[in-house]
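Structure, as structure tokens:
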Amino acid sequence: MTGLVIHDTLSNSRKQLLIDEKIRIYLCGVTVYDDAHIGHARTIVIFDTLRRFLEANGNDVDLIQNFTDVDDKIIKKASDTATSTDSVSKKYIENYFEEFDALNIKRAVEYPKATEHIPDMISLISDLITKKIAYTAKNGVYFSVSKFSEYGKLSKKNIEELESGSRIEVDESKNNPLDFALWKFSDSSPVWDSPWGSGRPGWHIECSAMSIKYLGENFDIHGGGRDLIFPHHENEIAQSESFTGKPFAKIWMHAGMITINGEKMSKSLGNVKTVRHVLENWGPNIIRLFSLSGHYSKPIDYTEELLKENLVKWRQLETCYYELRLADGIGGLDSISSDILNSKQKFDAAIENDFNTPLALTEFFNMIKIINGLAAEEKITKDITGMAMPILEYMLDVLGLKLIKATDDEIKSVFELIGKREECRKNKQFEEADTIRDKISDMGIHLIDHKEKTLWMKKEEIKADT
RNA sequence: GGUGACGUGGCAGAGCGGUUAUGCGUGAGCCUGCAAAGCUUAUCUAAAGGGGUUCGACUCCCUUCGUCACCUCCA
């Protein structure tokens with residue numbers, strides 16, 4: 001495969017993802033100075049799902065995601081909390097992995113850190129200075145925007161308008177207010193030596209240096225949140241293309257923001273929901289479903305209603321999985337196999353069509369409805385499980401969803417208790433039967449009484465508080 | 001002010017120049033000893049307003065209004 005088509009921000013058109021032996025993706029990660037929030041989670045879930053889809057279909061994916069671990073905000077946090085910048089970034093990187101592992105995000109191939117790539121940045125900057133595209137001024141080394149004629153091509157801005165509308169405090173030492181820092185002079189920690197004086201790198205240069213280092217000069221997809229289009233990605237293009245003389249990323253893919261009451265989640269508005277908080281209250285699966293419930297390019301409003309809707313769907317999915325898994329009926333496949341194959345085909349087609357996950361989820365849950373409908377009639381057979389389960393598991397894998405599995409001990413005791421309960425029910429000892437049911441329920445296991453038999457499923461505990 | 005995007009039924013949310021998207025919610029029912037879960041069925045026939053183009057527009061063009069994002073660190 002594949003026929004994957006993605007909307008490219010730069011050309012403002014849909015582009016086919018061309019596949020050589022490897023698909024190389026660079027995702028702009030987080031600045032590690034504070035807790036990650038649900039907005040970070042959505043962007044990362046989107047790219048994780050894209051990567052999972054490609055891999056599930058037999059492609060080799062090189063996904064690189066950086067950590068920005070040198071930044072003014074980290075410095076501020078360190079001084080506010082009387083620690084070092086290292087310990088600040090270390091702490092939040094640890095938190096990051098804890099939370100995003102819990103979210104079932106596949107680890108990137110590499111998580112390069114800015115602080116570990118200073119020499120790469122310095123050589124890139126040196127080259128730009130040699131080419132007279134960058135210059136040294138009082139406060140640092142700057143990229144001269146006027147030397148890159150295509151500046152603004154990503155964000156569709158033109159330089160004159162930017163200059164007139166600029167709200168940046170004008171730094172008189174710069175040639176042009178739009179010029180951005182490649183290297184900032186400083187004597188206080190964190191600080192590195194450079195040919196131009198001690199200091200630290202500007203923000204944008206790390207992504208140019210690290211993406212080129214790990215993925216080459218021209219790679220497949222460069223991703224991040226929409227809010228990075230300007231200035232971050234615009235500047236990356238300017239630096240990288242000036243450096244290599246080649247087009248940078250082939251496809252620029254940008255994820256929409258999470259909003260609250262229609263407004264972007266941000267610190268200044270005080271409407272931030274941390275990943276940790278949402279994980280505690282809704283768990284990883286609901287977050288993933290929620291994150292994919294709208295098209296990746298559009299905003300999603302964080303509301304209890306939407307979360308609850310996804311919780312309802314999650315419960316249907318749990319039922320479906322256990323109905324399939326515990327099926328022991330004998331019989332044929334009926335027409336269901338073509339329905340299920342159809343769902344799989346539509347699911348893939350939706351994702352290939354500019355990563356249309358809301359449509360893919362519709363197909364996914366449509367398939368679940370078909371299976372659950374059959375289950376309600378007690379018509380699930382081993383043969384049906386044999387054909388449907390691999391497809392269900394494929395979709396679960398692509399979506400990064402993970403069902404809670406019961407331990408062997410739990411399964412053993414559940415079987416015993418179900419047997420006992422059946423006895424009680426036969427003897428019309430309903431109080432005892434209900435007591436046993438409560439006991440099973442305390443184990444997080446839910447019983448499904450069919451006509452002929454009782455099924456069980458281990459349900460994920462979800463508090464469902466926003 | 002500039003740039004970009006968007007405005008679909010109570011809510012969420014796709015596609016498409018001419019066929020019911022779909023889901024949630026809500027009503028009724030089935031199953032059950034009772035529940036839960038699940039299922040079945042019904043329900044809303046929606047496209048911000050105004051102009052065009054067209055045999056025909058939710059889908060294309062123009063315009064008014066509205067919303068959001070970016071222009072400053074930001075996923």
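So you know, we letter chains A, B, ... as the sequences are listed, proteins then strands, and number each from 1.
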Here the distance between atom C1' of B:U72 and atom NE2 of A:H204, to the nearest Å, is 11 Å
What does A:L228 touch in the nucleic acid at a heavy-atom separation under 4.0 angstrom: a base, only the sugar-phosphate, or nothing?
-> sugar-phosphate
Spatial distance of atom CE (A:M253) from atom CG (A:L10) [nearest 0.5 Å] | 15.5 Å
Measure the distance from CZ on A:F430 to C1' on B:G33 and round it to the nearest whole Å.
-> 4 Å
Contact class for A:R315 (heavy atom, under 4.0 Å): base, sugar-phosphate, or nothing?
-> sugar-phosphate
Report which part of the nucleic acid A:T319 touches: base, sugar-phosphate, or nothing (heavy-atom distance under 4.0 Å, all strands).
-> sugar-phosphate
Hey, is the side chain of A:N12 poking within less than 4.0 Å of OP1 or OP2 on B:A5, counting only N and O atoms?
-> yes
For the pair made of CZ in A:F67 and P in B:A75, what is the distance, rounded to whole Å?
-> 12 Å
In sequence, state the C-alpha distance, the side-chain angles, and the governing distance for A:H117 and A:Y214, and then conclude on ring pair (Phe, Tyr, Trp, His ring centres under 6.0 Å).
-> CA-CA 11 Å; A:H117 294 80; A:Y214 291 97; 5.5 Å; yes
Would you say B:G15 has OP1 or OP2 under 4.0 Å from some side-chain N or O of A:N356?
-> yes
Quick one, which residues of residues 90-100 of chain A touch RNA chain B with a heavy atom under 4.0 Å?
-> none
Euclidean distance, atom CG of residue A:D354 to atom C1' of B:C16 [Å, nearest integer] = 16 Å
Using a cut-off of 4.0 Å on non-hydrogen atoms, how would the nucleic acid contact of A:G152 be classed: base, sugar-phosphate, or nothing?
-> nothing
Nearest heavy-atom approach of A:F67 to A:E206 is O-OE2, 4.0 Å
Rounded C1' spacing from B:G33 to B:U22 in Å | 37 Å
Scan A:S293 against the nucleic acid and name what it touches under 4.0 Å (heavy atoms): base, sugar-phosphate only, or nothing.
-> sugar-phosphate
Round to the nearest Å and state the distance from A:K346 atom NZ to B:A14 atom C1'.
-> 13 Å
Is the distance between the ring centroids of A:Y296 and A:F47 less than 6.0 Å?
-> no
Is A:K184 close to A:D72 at the side-chain level, that is, under 4.5 Å between some pair of heavy atoms?
-> yes
Can you check the A:W314 CH2 to B:A12 C1' distance for me, whole Å?
-> 20 Å
Does A:S13 offer a backbone N or O that forms a donor-acceptor pair with the side chain of A:D8 under 3.5 Å?
-> no
Specify the closest pair of heavy atoms between A:A255 and A:T43, including all atoms of both residues, with the distance to one decimal.
-> CB-OG1, 3.7 Å
A:H254 and A:D227: side-chain donor and acceptor closer than 3.5 Å?
-> no
Which is true for A:K264 with a 4.0 Å heavy-atom rule: it touches a base, it touches only sugar-phosphate, or it touches nothing?
-> base
Please state the C1' separation for the pair B:A14 and B:A28 - nearest whole angstrom.
-> 29 Å
Please find out if less than 6.0 Å separates the ring center of A:H233 from that of A:W252.
-> yes
Just checking A:H254: base, sugar-phosphate only, or nothing, at a heavy-atom cut-off of under 4.0 Å?
-> nothing
Do the side chains of A:R226 and A:S297 get nearer than 4.5 Å, heavy atoms only?
-> yes
Rounding to a whole Å, what distance do you find between A:L292:CG and B:A12:P?
-> 18 Å
Quick one: on RNA chain B, does A:E377 or A:G224 contact a more 5' nucleotide (nearest heavy atom)?
-> A:E377
Salt bridge flag under 4.0 Å for residues A:R425 and A:E422 = yes
Measure centre to centre between the rings of A:F355 and A:F53, then say whether the value is under 6.0 Å.
-> no
Could you tell me whether the side chains of A:T454 and A:D449 share a donor-acceptor contact shorter than 3.5 Å?
-> yes
What does A:I258 touch in the nucleic acid at a heavy-atom separation under 4.0 angstrom: a base, only the sugar-phosphate, or nothing?
-> base
What distance, rounded to whole Å, do you find between the two P atoms, one in B:G17 and one in B:A57?
-> 15 Å
Separation between the P atoms of B:C60 and B:U19, rounded to whole Å | 16 Å
Nearest whole angstrom, please: distance from the C1' of B:A37 to the CG of A:L311.
-> 13 Å
Stems for RNA chain B (at least 3 consecutive Watson-Crick or G-U pairs, under 3.5 Å) come to B:1-7 with B:65-71, B:10-12 with B:22-24, B:25-30 with B:38-43, B:48-52 with B:60-64
In B/S/- notation (B base, S sugar-phosphate only, - none; protein heavy atoms under 4.0 Å), nucleotides 24-32 of chain B written 5' to 3' is S------SS
